[in-house]
Amino acid sequence: MKSAFLALGLMAGAGANAAEPPSIEYFMRHAAYSSARISPNGEYLAVGVDRGGQDVLTVIRLADMKLLKINVLPNDKSVAGYRWASDDRLVFTAVQKIGSYEQPRGTGEWYAVNADGSKPQPIIFYGSRSAAERSKAVGNERFNLLDPLVDDPRNVLMTVTYPRSKDGAGTELVLVDTFTGSRRSIARAPRENCSLQIDEKKQPRYALCYDERDEAGQYDPRTELHKLGDDGKWVLVNNEDIDEGKQLRVRWAAADGTIYADQDDGKAPAAFGTLDRATGKFQRLFQDPVSDVAGIVVSPRDDKALAVFTAAGLPKLTVLDEEHPDAGLYTSLAAAFPGQVVNFSSATRDGNKIIVSVSSDRNPGELYLYDRSSGRAQFLMKNRDWVDNSTAASVRAFDFVNRDGMRIHGYLTIPAGSDGKNLPMIVNPHGGPMGPRDSWGYNPETQLFASRGYATLQVNFRGSGGFGKAFQDMAYGQWNTGIMHDIIDATRWAIQEGVADKDRICIYGGSFGGYSAMMAPAVDQALFKCAFGYVGMYDAQIQNRLSDTSKSDGGKRYLERAFGRTRAEQDAMSPINHVDKIRLPVFLAAGARDPRCPPEHTEAMYAALSKAGNKPEGMIIQSGEMHGFYDVDNRVKLYTQMLDFFNRHIGGAPRTAAAN
């Protein structure tokens, strides 16, 4: 494998001299691969690789580890969503990266190519083409791969969505030829705003349909489940009026026809289980009182669920089917990597060769190839080959009871070699706030802070994902109150536990974390010594007027529920209206092209603070960047200034040039 990646020029040099911390670039460099998939017959390995801001798709022949092909898209587009469509043919889509806090934005285009690079074919494309291909071009439809049909050498199953009304979209299941791009309709969803799911025979069977409003018209996403009968008619199986308000979401169908699903009552974390095909009755296999299911281990041979992970704190594994032969295989592999998260990543058609992923708080991620015939796991590659796991910081899980009597969970990153006591600390709220969460694992940003001697506190405040809908919904109307209280209470907990030096605490975050970096010091004016806001939202009026969220009716309803309906409510939750209370040193940064939290937020906050007599120590409006900086040079510049800012207020002297 090394020879293949050396050919790509991706093997990084060693880190910094042992006498000095690794450079900022060491942490900000992008991971070497995003994912890897073995071909159905086990001959090839497809790997998504980052080449300086553009992801390409490489194909390696496993017999001799020879690099066969590097698939590069034009116009700086990145490869994403790739799957093996047959033993030697791949399909993939194109995306444009828009920032580190946002998922890449899909272009809608899809391509197919053989493992050796032959017979490339755009199968979904926009705009004008040759006369022969004109009938295959699409307009405002959007395609997503549903199943690669690896036993069909030509076709894949895709869903296509298309606008039908101001708030709704139709959905259709189509069979797409990967050599010609021709399409054939298989089924249509029963109503607007649905996703489709197939059964073990690759036939359309379920439609999960979405509504975003409750009876009062308030933003509140909910679902209903429909089943397609053999007579070709859709039948409603579940909505909130059926089964005492519990909603069902189908996940997948196993080879024997077992239908796996979630059941969610909107209160406790969702249950995971199976769905009776005839009656629609849900049979619970697992439910945790605190955490949603964060991951599932699936048999490579028959797609049966073997185990589940929860992640309120440290990842916790529960085996569901101890009698399944692959359960023993999985537990033996997991035992070989104690203290790490192990899962099956992809496998051959017969399940005899399996790509196994391994990661932890100190291990950015590794891939192994397990062969059942030999019983051996062969190392393939490391996500960040230059990272020395032995010198990485550790991440501890913690929980505490907040002022409202709720148990809140979070993570502390502690510098390597530290006793974890009386440390300068950076409080780092996550984005969102509704849905995203902090998780246990390797985090380059907190590892960078730890390398400079800082502990980092991350808290899954009310609104964070992974703890059930009721916990997530607590964020509405609570941005400047309940959420800030959770962040402040977690910080005070760290002081009481002796982890943090109460006189050396700063707050920093991006997106909603940037909002928190300004709002929390306004709520508790004595707790923090400095604040760094990054791609943050500081003024509800700017967000309501300029953000991409505000451009759709659904987005407007979300903002109304999150911010409040009245101008008074919106002004009260906007940090820009509390600058008189923000008396600590401030630094601000934004992307000049950020559509989610436009740079006007940062410019307005800078001006308001300056007018209030607290001119920020610096402001970066980075050209070319969007919602989170992606370019490595821009990231190095950002974190160089950020660390110097922290060092001035809670740390030592700024780093020397030798460590840059």
Side-chain angles (χ1 to χ4, degrees), residues 1-8 10-11 32-49 57-69 82-90 114-116 148 150-151 153 254-256 295-307 309 317 319-360 363-383 385 389:
M1 180 57 64
K2 277 196 174 183
S3 61
F5 276 81
L6 280 170
L8 281 171
L10 293 172
M11 294 300 292
Y33 68 84
S34 57
S35 58
R37 290 185 176 275
I38 193 170
S39 63
N41 60 4
E43 290 188 19
Y44 308 107
L45 186 69
V47 185
V49 175
L57 180 60
T58 66
V59 180
I60 296 162
R61 186 168 58 204
L62 286 170
D64 56 7
M65 308 306 284
K66 179 183 178 182
L67 179 64
L68 293 183
K69 178 64 178 176
Y82 65 92
R83 297 286 296 274
W84 288 99
S86 64
D87 286 340
D88 62 356
R89 191 160 179 82
L90 287 152
N114 285 349
D116 61 3
V150 295
D151 292 325
D256 67 353
I296 303 175
V297 182
V298 178
S299 166
R301 283 187 162 167
D302 58 16
D303 295 327
K304 297 297 288 291
L306 305 177
F309 288 100
L317 178 76
V319 177
L320 301 178
D321 188 355
E322 295 183 351
E323 301 302 317
H324 194 291
D326 281 349
L329 169 62
Y330 172 78
T331 54
S332 65
L333 282 169
F337 301 97
Q340 303 198 67
V341 175
V342 179
N343 208 340
F344 300 137
S345 178
S346 67
T348 53
R349 181 185 287 104
D350 58 12
N352 287 332
K353 292 182 179 179
I354 308 167
I355 303 297
V356 180
S357 64
V358 180
S359 64
S360 73
N363 177 3
E366 298 170 343
L367 295 179
Y368 293 80
L369 174 60
Y370 178 78
D371 190 329
R372 288 183 195 262
S373 61
S374 66
R376 297 181 59 188
Q378 172 192 355
F379 173 78
L380 290 177
M381 65 186 76
K382 187 174 179 178
N383 186 274
D385 186 78
N389 298 0

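- At least one side-chain heavy atom of Pro40 sits under 4.5 Å from a side-chain heavy atom of Asp87.
- Using a 4.5 Å cut-off on side-chain heavy atoms (C-beta onward), Thr348 and Asn41 make no contact.
- With rounding to the nearest 0.5 Å, the separation of CG in Leu67 from OG1 in Thr58 is 6.0 Å.
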For a side-chain contact (heavy atoms from CB on, under 4.5 Å) check, start with the C-alpha distance between Ser357 and Glu366, then their side-chain angles and the critical distance, and finish with the verdict. CA-CA 6 Å; Ser357 64; Glu366 298 170 343; over 6 Å; no
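- The existence of a salt bridge linking Asp64 and Arg61 is confirmed by a sub-4.0 Å separation between a basic side-chain nitrogen and an acidic carboxylate oxygen.
- With contacts defined as side-chain heavy-atom distances shorter than 4.5 Å, the pair Leu380/Leu45 qualifies.
- Here the shortest heavy-atom pairing between Ala347 and Ile38 reads C-CG2, 3.4 Å.
- Inter-residue side-chain proximity for Leu306 and Val319 is flagged as unmet; no heavy-atom pair is nearer than 4.5 Å.
- Two residues are said to be in side-chain contact when any heavy atoms from C-beta on lie closer than 4.5 Å; Val342 and Tyr330 meet this criterion.
- Between Trp84 and Tyr44, some side-chain heavy-atom pair lies under the 4.5 Å cut-off.
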Before giving the answer on side chain to side chain donor-acceptor pair (under 3.5 Å), spell out for Ser35 and Tyr82 the whole-Å C-alpha distance, their side-chain angles and the decisive distance to 0.1 Å. CA-CA 9 Å; Ser35 58; Tyr82 65 92; 2.8 Å; yes
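- With a 4.5 Å cut-off on side-chain heavy atoms, Ile355 and Phe344 do not count as touching.
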For a side-chain contact (heavy atoms from CB on, under 4.5 Å) check, start with the C-alpha distance between Asn363 and Gln340, then their side-chain angles and the critical distance, and finish with the verdict. CA-CA 8 Å; Asn363 177 3; Gln340 303 198 67; 2.9 Å; yes
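- Of all non-hydrogen atoms in Pro364 and Asn383, the two that sit nearest each other are O-CB, 3.8 Å.
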Could you walk me through whether Asn389 and Lys382 pass the side chain to side chain donor-acceptor pair (under 3.5 Å) test, one step at a time? CA-CA 11 Å; Asn389 298 0; Lys382 187 174 179 178; 2.9 Å; yes
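- For the pair Ala115 and Leu68, the tightest heavy-atom approach, listed with the atom from each and the gap, is O-CB, 4.1 Å.
- Under a 4.0 Å N-O distance rule, the pair Arg372/Asp350 does not qualify as a salt bridge.
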Tyr370 vs Arg376, test: side-chain contact (heavy atoms from CB on, under 4.5 Å). Steps then yes/no. CA-CA 6 Å; Tyr370 178 78; Arg376 297 181 59 188; 5.9 Å; no
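- Considering all non-hydrogen atoms of both residues, Arg301 and Gly351 come closest at CG-CA, 3.9 Å.
- Contact check for Asp302 versus Asp256: no side-chain heavy atoms found under the 4.5 Å cut-off.
- Using a cutoff of 4.0 Å between basic side-chain nitrogens and carboxylate oxygens, Arg89 and Asp116 are not scored as salt-bridged.
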